[in-house]
Amino acid sequence: MSELVTCTKDGDVSIVTINNPPINASSQAVREKLKAALAQLRNAADIKAVMLCCAGRTFMAGADIREFDLPEIPAPDPNEIHALLESMQVPVVAVMHGTVLGGGLELGLACHYRVALASTEMGLPEVKLGILPGGGGTQRLPRLVGFTKALDMIVTGKSMSAANALDIGLVDALFDGDLHAQTLEYCRSIAGSDCASRVLGRLPVELSATDKLVLEERVNKLPSTEKGGNAARAAAKSTEKAGSLPFAEGLKYERQAFIDCRNTNESKALRHVFFAEREAARIPNLPRDLGLRTIQSVGIVGAGTMGTGIAMSFANAGFPVVLQDLSPQTLSRADEIIDSTYQGSAAKNRITPEQAQHRAGLITTTEDDMQLSSCDLIIEAVFENFDIKKAIFKRLGQIAKPGAILASNTSSLDVNVLAQCSGRAADVLGMHFFSPANIMRLLEVVRCDQTAPEVLATIMHLAKRIGKVPVVSGVCFGFIGNRMLEGYLREAEFLLLEGATPGFIDKALEDYGMAMGPCRMIDMAGVDVASKVVLEQKKSGNLPDDDTYRVVVQKLHEQGRFGQKTSSGYYRYEGRTPVEDSEALTLFSDLAQQHGITQRTDISAQEVVERCLYPLIAEGYRILEEGIAYRSGDIDTVWLHGYGFPAYRGGPMFYATTIGESNVVASMQRYAKNTGNTSGYWSVPASLSKGAN
Ligand code: 3H9
């Protein structure tokens with residue numbers, strides 16, 4: 001293993017290089033070596049400047065997040081390193097490239113000068129981990145770039161380009177090309193300069209009346225402490241302290257606030273999410289030397305909303321796509337959607353007009369399925385009709401070139417059966433995109449009984465190339481996400497029958513943090529679509545054959561209340577705004593009466609949240625027991641990226657551990673008793689009971 005920190009010399013410039021791949025995180029070992037290197041350089045009489053660089057793809061991209069689980073940050077403390085840098089007798093230049101984030105930018109702020117490659121991105125993303133910059137970021141940045149600009153970076157956690165950083169004075173010079181050689185020259189130009197005047201902690205910072213107003217407005221717009229806003233609020237407060245406390249006191253304040261944030265559930269959840277997302281992309285027990293199949297072109301069968309969205313996902317990443325459909329009308333509608341989507345993105349300056357044209361040009365629409373035969377990957381995305389899908393897989397098995405991967409975008413059908421129909425089951429898997437497929441990042445990659453390991457690995461790798469967050473699921477009804485959703489929707493509907501209104505249920509769950517409550521969600525996705533799934537799945541025996549099971553959605557469907565598209569569903573709609581509808585409420589109470597369900601007025605928000613979430617969580621435990629998901633973090637990733645579960649709660653499985661599995665079990669047992677349900681809806685999975693003991 002190469003040295004974590006090396007020290008070399010070029011004439012009278014000393015070059016300190018950190019080498020801790022992949023992102024040069026500031027770990028205890030890195031800090032220890034850096035401290036030793038700086039201590040040596042303090043006494044070197046023959047140097048005129050120090051370059052502080054990082055090897056590999058990036059300058060330091062932050063503190064090692066894993067250290068935050070330890071009771072203390074192991075010594076030496078980052079602030080000790082920063083103080084050493086500031087007290088050097090010769091100018092120290094931070095030489096930045098890649099992604100200079102968090103503790104990495106704080107390291108740079110402790111240097112006397114900062115130079116960067118033009119392609120560098122920099123920022124203080126700590127709030128995204130539920131913490132705040134704890135290595136002086138909230139105290140030094142306002143002194144360098146002014147209070148308002150610093151506040152913006154610290155509270156949003158957003159990165160900025162090197163060009164913007166130069167504009168606001170965060171970096172002193174930008175270089176293109178040979179960063180090392182140009183910095184050496186730069187070092188010689190500043191050799192002998194007064195570095196004490198460049199120590200940021202010594203600069204004054206005062207908050208003007210405007211700064212104070214900006215601060216107030218900013219804080220007022222933040223989510224509450226309980227709803228994921230704790231870190232951003234603490235970060236704003238700490239940045240404010242730069243204006244009111246002496247530097248050393250400010251550092252102390254910041255550190256305590258950092259520790260307080262680090263210990264919150266918000267931060268624990270967000271750190272869990274960070275690692276879970278990365279872990280989800282890993283397939284356990286793959287042979288090390290497994291080769292991937294080459295994917296350079298993609299075919300899609302079915303040019304409806306899903307197929308078109310999937311086509312754009314690939315075109316966005318530069319893949320040529322053949323989008324095939326038997327209906328010329330569907331194809332011309334797809335062409336229109338593709339053009340208008342890209343033109344819309346160009347109009348909003350998200351992409352250039354040239355990019356829009358290029359991306360649209362990558363998608364060829366055709367009625368001729370033989371054009372799919374040369375594609376490396378073919379994704380079937382027709383509507384959920386098993387017979388049609390079976391026929392398509394039979395045909396794809398015949399026309400696809402050898403080695404091509406065949407995927408189905410089904411959300412509910414058995415992909416193992418489709419694999420058999422193709423006659424080449426090893427090449428087949430599921431790719432369950434979420435709608436709108438060109439926007440939503442989640443991709444459930446469904447591994448079938450006979451999917452070849454390299455096929456699964458190829459698609460996981462490909463998913464990352466098109467910017468998706470892939471999660472592997474085994475084959476089962478609804479895969480990970482929709483299978484868990486079922487219990488959630490079941491209870492939402494029972495609550496409607498028991499007398500809760502759609503508005504009350506949605507508000508309770510949105511207050512909990514869900515992006516959208518269940519009633520609004522189905523109204524948006526389409527009551528007709530949801531009802532058909534229930535009907536089909538009841539027929540196939542995947543859902544309970546119980547008269548009351550999801551009877552509400554079926555009744556709404558029967559009444560032509562399809563949701564937003566017919567301006568009535570669980571709600572009635574004024575434009576896009578849902579309004580509580582007395583007709584719908586009467587429909588629910590009539591249904592309750594028919595099924596002998598007594599309505600009550602004592603349903604609390606807490607009951608709504610527990611009754612909807614606990615069946616969902618319990619299903620997650622079953623999914624793990626059955627090996628459908630590899631890890632509980634995978635399940636959390638599905639819920640965060642596919643269903644609007646609040647990241648600051650870490651996902652349903654993580655949430656269960658924060659509130660205590662024994663509490664989940666006790667509540668489930670209570671609801672089993674109170675609701676008097678004997679259909680096993682409240683049965684507790686063995687692993688959840690075990691976790692509770
Ligand atoms: C901080 O700095 C606090 C300080 O203010 C104060 C302290 C007192 N730690 O994302 P990738 C791993 S808070 C540990 O796939 P990319 C990651 O898990 C921190 N590990 O690469 C993965 O491991 P594996 C502020 C980390 O090229 C591997 O590195 N900084 C860390 O797509 C590659 O990561 C941040 O929040 C870390 N800090 O993206 C930046 N970062 O291979 C967080 C990454 O085993 N990091 N790993 O799965 C990122 O945003 C992205 O990793 C980055 C690279 C953009 C840098």
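We count ligands from 1, going down the list as the structure has it; atoms in each ligand are counted the same way. Residue numbers start at 1 and run along the sequence shown. Any value given below was found using the heavy atoms of this structure, including those in side chains, with hydrogens, waters and symmetry copies removed.
Given atom 30 (N) of ligand 1, the protein heavy atom at minimum distance is Ala61 O, 2.9 Å. Nearest protein neighbour of atom 6 (C) of ligand 1, counting heavy atoms only, is Gly134 N, 3.5 Å. The nearest heavy-atom contact from the protein to atom 20 (N) of ligand 1 is Arg66 NH1, 3.7 Å. Nearest non-hydrogen protein atom to atom 50 (O) of ligand 1 is Leu101 CD1, 4.0 Å. Protein heavy atom in closest approach to atom 8 (C) of ligand 1: Ile73 CD1, 3.5 Å. Looking only at protein heavy atoms, the nearest one to atom 53 (C) of ligand 1 is Thr99 OG1, 4.3 Å. Among all non-hydrogen protein atoms, the one lying nearest atom 9 (N) of ligand 1 is Ile65 N, 2.9 Å. Nearest non-hydrogen protein atom to atom 29 (O) of ligand 1 is Pro22 CG, 3.4 Å.
Remark: distances from the non-hydrogen atoms of Arg282 to ligand 1 include one below 4.0 Å.
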**Asked** What's the verdict on salt bridge (Lys or Arg N to Asp or Glu O under 4.0 Å) for Asp636 and Arg631, showing C-alpha distance, side-chain angles and the deciding distance?
**Response** CA-CA 9 Å; Asp636 288 336; Arg631 303 160 275 250; over 6 Å; no
**Message:** Between Arg282 and Glu279, is the salt bridge (Lys or Arg N to Asp or Glu O under 4.0 Å) condition met? List the steps.
**Reply:** CA-CA 6 Å; Arg282 287 213 185 95; Glu279 183 77 10; 3.0 Å; yes
**Message:** The test is salt bridge (Lys or Arg N to Asp or Glu O under 4.0 Å); show your working for Arg441 and Glu277 and say whether it passes.
**Reply:** CA-CA 11 Å; Arg441 292 192 65 214; Glu277 271 176 31; 5.1 Å; no
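The ligand atoms of ligand 1 that sit less than 4.0 angstrom from a heavy atom of Phe275 are 18 (O). Annotation for ligand 1: atoms under 4.0 Å from non-hydrogen atoms of Phe68 are 3 (C), 13 (S).
With hydrogens and angles disregarded, a donor-acceptor distance shorter than 3.5 Å links the side chain of Gln28 to the backbone of Ala75. Counting only distance, with no hydrogens or angles, the side chain of Asn20 and the backbone of Ala25 share a donor-acceptor pair below 3.5 Å. Listed for the Glu67 side chain is no donor-acceptor partner under 3.5 Å among the backbone atoms of Asp64. Side-chain N or O atoms of Ser267 include none that pairs as donor or acceptor with a backbone N or O of Thr264 at under 3.5 Å. For the pair Ser313 (side chain) and Ala437 (backbone), a donor-acceptor distance under 3.5 Å is present. Between the His432 side chain and the Leu443 main chain, no donor and acceptor come within less than 3.5 Å of each other.
Distance check for atom 32 (O) of ligand 1: every protein heavy atom is found at 4.0 Å or beyond. Distance check on atom 12 (C) of ligand 1: every protein heavy atom falls at or beyond the 4.0 Å cut-off. For atom 23 (O) of ligand 1, the nearest protein heavy atom lies 4.0 Å away or farther.
Residue contacts with ligand 1: Ala63 is placed with a nitrogen or oxygen under 3.5 Å of a nitrogen or oxygen of the ligand (distance criterion only). For a threshold of 3.5 Å applied to N or O pairs, the pair formed by Arg278 and ligand 1 contains at least one separation below that value. Taking distance alone, with nitrogen or oxygen atoms compared against 3.5 Å, Pro133 stays at or beyond that limit from ligand 1. Considering backbone and side-chain atoms together, Arg57 places an N or O closer than 3.5 Å to an N or O of ligand 1. In terms of N/O distances under 3.5 Å, ligand 1 is not approached by Gly102.
Side-chain polar atoms of Thr148 and Asp211 form a donor-acceptor pair below 3.5 angstrom. With no hydrogens or angles considered, a side-chain donor-acceptor pair links Thr138 and Glu254 at under 3.5 Å. Using modelled atom types and a 3.5 Å distance limit, the side chains of Ser27 and Arg66 yield no donor-acceptor pair.
Phe645 has its ring centre no less than 6.0 Å from the ring centre of Phe654.
Looking at Glu106 and Arg140, no side-chain N of the basic residue comes within less than 4.0 Å of a carboxylate O on the acidic one, giving no salt bridge.
At a heavy-atom cutoff of 4.0 Å, ligand 1 is contacted by both the backbone and the side chain of Asp64. Contacts between Leu129 and ligand 1, counted as non-hydrogen atom pairs separated by less than 4.0 Å, involve the side chain only. Contact annotation: for Glu126 versus ligand 1, heavy atoms closer than 4.0 Å belong to the side chain alone. Heavy atoms of Leu124 found under 4.0 angstrom from ligand 1: none, in either backbone or side chain. When heavy-atom distances to ligand 1 are checked against a 4.0 Å cut-off, Phe59 has no atom that comes that close, whether in backbone or side chain.
For atom 47 (N) of ligand 1, the candidate residues are Val100, Ile259, Ile23, Asn20; the nearest heavy-atom contact is made by Ile23. Nearest-heavy-atom check against atom 2 (O) of ligand 1 across Gly98, Pro125, Gly104, Gly103 picks out Gly103.
For the pair Arg271 and Phe275, the cation-pi criterion (under 6.0 Å, within 45° of the ring axis) is not fulfilled.
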